[in-house]
Amino acid sequence: MDFTLKGQDKKSKARAGEIQTAHGVIQTPIFMPVGTVGSVKAVHFNDLKNDIKAQIILGNTYHLYLRPGLDTLEQAGGLHKFNGWDLPLLTDSGGYQVYSLSGTRKMKEEGVVFQSHIDGSRHTFTPEKVMDIQRVIGADIMMAFDECTPYPCEYDYASKSMGLTHRWLKRCIDQFDSTESLYGYPQALFPIVQGSVYRDLRIQSAEEIASYGREGNAIGGLSVGEPIEIMYELTELVCSILPENKPRYLMGVGTPANILESIALGIDMMDCVMPTRNGRNGMLFTSEGLINIKNEKWKNDFSQLDPNGMSYVDSQYTRAYLRHLFQAQEMLAPMIASVHNLNFYLWLVGEARKKILEGTFTEWKNKMVKQLTHRL
RNA sequence: GGGGAGAUACCAGAGCGGUCAAAUGGGACAGACUGUAAAUCUGUUGGCGCAGCCUUCGGAGGUUCGAAUCCUCCUCCCCCCA
């Protein structure tokens, strides 16, 4: 994996770059659709590639390990072969599940014992095992196994958790560096900065993570419910410490406005379930603001989903029709909304990239953020 | 024509003398959703000057301290037999 900076905004920390992987080039800043179980929910790869123009998608170690399981993934020849997605792939390590499944899991120094959310069976994830699983999945970018701390989080807990994440990172790196890709192409390992909302911990963690000089670095443990200003403040702080010549990945972010603000702070990669999950629940992110398409006000609105929308669904379907599909609980409804939202997200980061290269990013960003948070 | 059963909030449908402004579904309306335990979850759904009051359970009377619940008549619907 290789990262090249192509341009830098003058009034902010925003930058445009290019990541080379075995499965193709990623132009940054980039938004990565989430495909937890090897599928971006409700969206065909055809739409994902040709309409949405996704350049990289996520998969999830925990979910793929449970289903379909390592045996199937290895026999398939990795996730790329299994699901047919031949562009870059990034897998999250299960660190987020340490957070979101906190009720059914036990933390230890050695690792985490999970109870499967599917059948209740117990499974142990150690840093070594998580590396091995991601080797089997064959993602171009693998994530270190971490603990994503919740919000709010006591300083003492945040500090201890960060220490554990750092010790686990060392073990991840050892395991990663002493094993090889199973399918003949290189994989990269991104470490993750933790430290909750505490500046001193974030500084300490960022310095530790930066010291390994891996091919890219991630910021985790944000967008878990903390005030958005705190998220920005910490993102800015951590970006100032992470190396400039490596991509920075802000995990789990966010709303369209969050994405533009994060780019302005020096973030290159982001992922979030929001365009797909909120889309399935009837929320559209458009160039003019937010739409809850289930609202009565759209009942007889025969205008297109987003007048400036670039997706074929924007001109193919009207707001009234999409509302009808949601009312009738047709499966086409979440499909249309997901395609629209993802197309919009990818359009947004593509525009951001253009503006950075043109040198007009900050003005454009400030104007966009106002529009994007407006409720229609 | 004879026999039986029933009319409850937007719909379906409990309730069968006080604890009922009325269970439960559905629908409708609104909100939430940030490295996906999510095609999920939550709230509201008679009115108001809203810890209280007012008008509601087909219609009109009646019994009772008190009626959606009991009685009388009326109207309308459903089922079976002819």
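Here is the naming used below: chain letters follow the sequence lines, and residue numbers restart at 1 for every chain.
Applying the ring-ring contact (aromatic ring centres under 6.0 Å, His included) test to A:His123 and every residue at least two apart in sequence or in another chain returns A:Tyr65. Contacts of A:Phe285 classified as ring-ring contact (aromatic ring centres under 6.0 Å, His included), with partners at least two apart in sequence or in another chain: A:Tyr345. Among residues two or more places apart in sequence or in another chain, the salt bridge (charged side-chain N to carboxylate O under 4.0 Å, His left out) test is passed with A:Arg15 by A:Asp268. Partners of A:Phe176 according to the ring-ring contact (aromatic ring centres under 6.0 Å, His included) rule, which considers only residues two or more places apart in sequence or in another chain, do not exist here.
Against RNA chain B, the stretch residues 221-232 of chain A makes heavy-atom approaches under 4.0 Å through A:Gly221, A:Ser223. The stretch residues 238-267 of chain A comes close to RNA chain B through A:Met251, A:Gly252, A:Val253, A:Gly254, A:Thr255, A:Asn258, each having a heavy atom under 4.0 Å from the strand. For the segment residues 47-60 of chain A, residues with any heavy atom less than 4.0 angstrom from an atom of RNA chain B are, sorted by number, A:Leu58, A:Asn60. Of all the residues in residues 153-162 of chain A, not one reaches under 4.0 Å from RNA chain B with any non-hydrogen atom. Non-hydrogen atoms lying under 4.0 Å from RNA chain B are contributed by nothing in residues 78-91 of chain A.
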Counting only pairs under 3.5 Å, give me each side-chain donor-acceptor contact of residues 94-102 of chain A, with atom names and distances, residues two or more places apart or in other chains.
residue  : atom : partner : partner atom : Å
A:Gln97  : OE1  : A:Asn60 : ND2          : 3.0
A:Ser100 : OG   : A:Tyr96 : O            : 3.4

Listing, residues 323-338 of chain A side-chain donor-acceptor contacts under 3.5 Å, not counting sequence neighbours, or none:
residue  : atom : partner  : partner atom : Å
A:Arg323 : NH1  : A:Lys294 : O            : 2.5
A:Arg323 : NH1  : A:Asn295 : O            : 3.2
A:Ser338 : OG   : A:Pro334 : O            : 2.7

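Taking 4.0 angstrom as the limit, A:Arg375 places a side-chain polar atom (N or O) nearer than this to OP1 or OP2 of B:rA32. Remark: A:Asn278 is not in phosphate contact with B:rU34, judged by side-chain N or O atoms under 4.0 Å from OP1 or OP2.
Remark: B:rC70 base-pairs with B:rG62. Criterion, Watson-Crick or G-U wobble with two distances under 3.5 Å.
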Item to complete: Sugar-phosphate means primed atoms, P, OP1 and OP2; the rest is base. With that split, encode nucleotides 37-44 of chain B 5' to 3' as B, S or - using protein heavy atoms under 4.0 Å.
Response: BBSB----

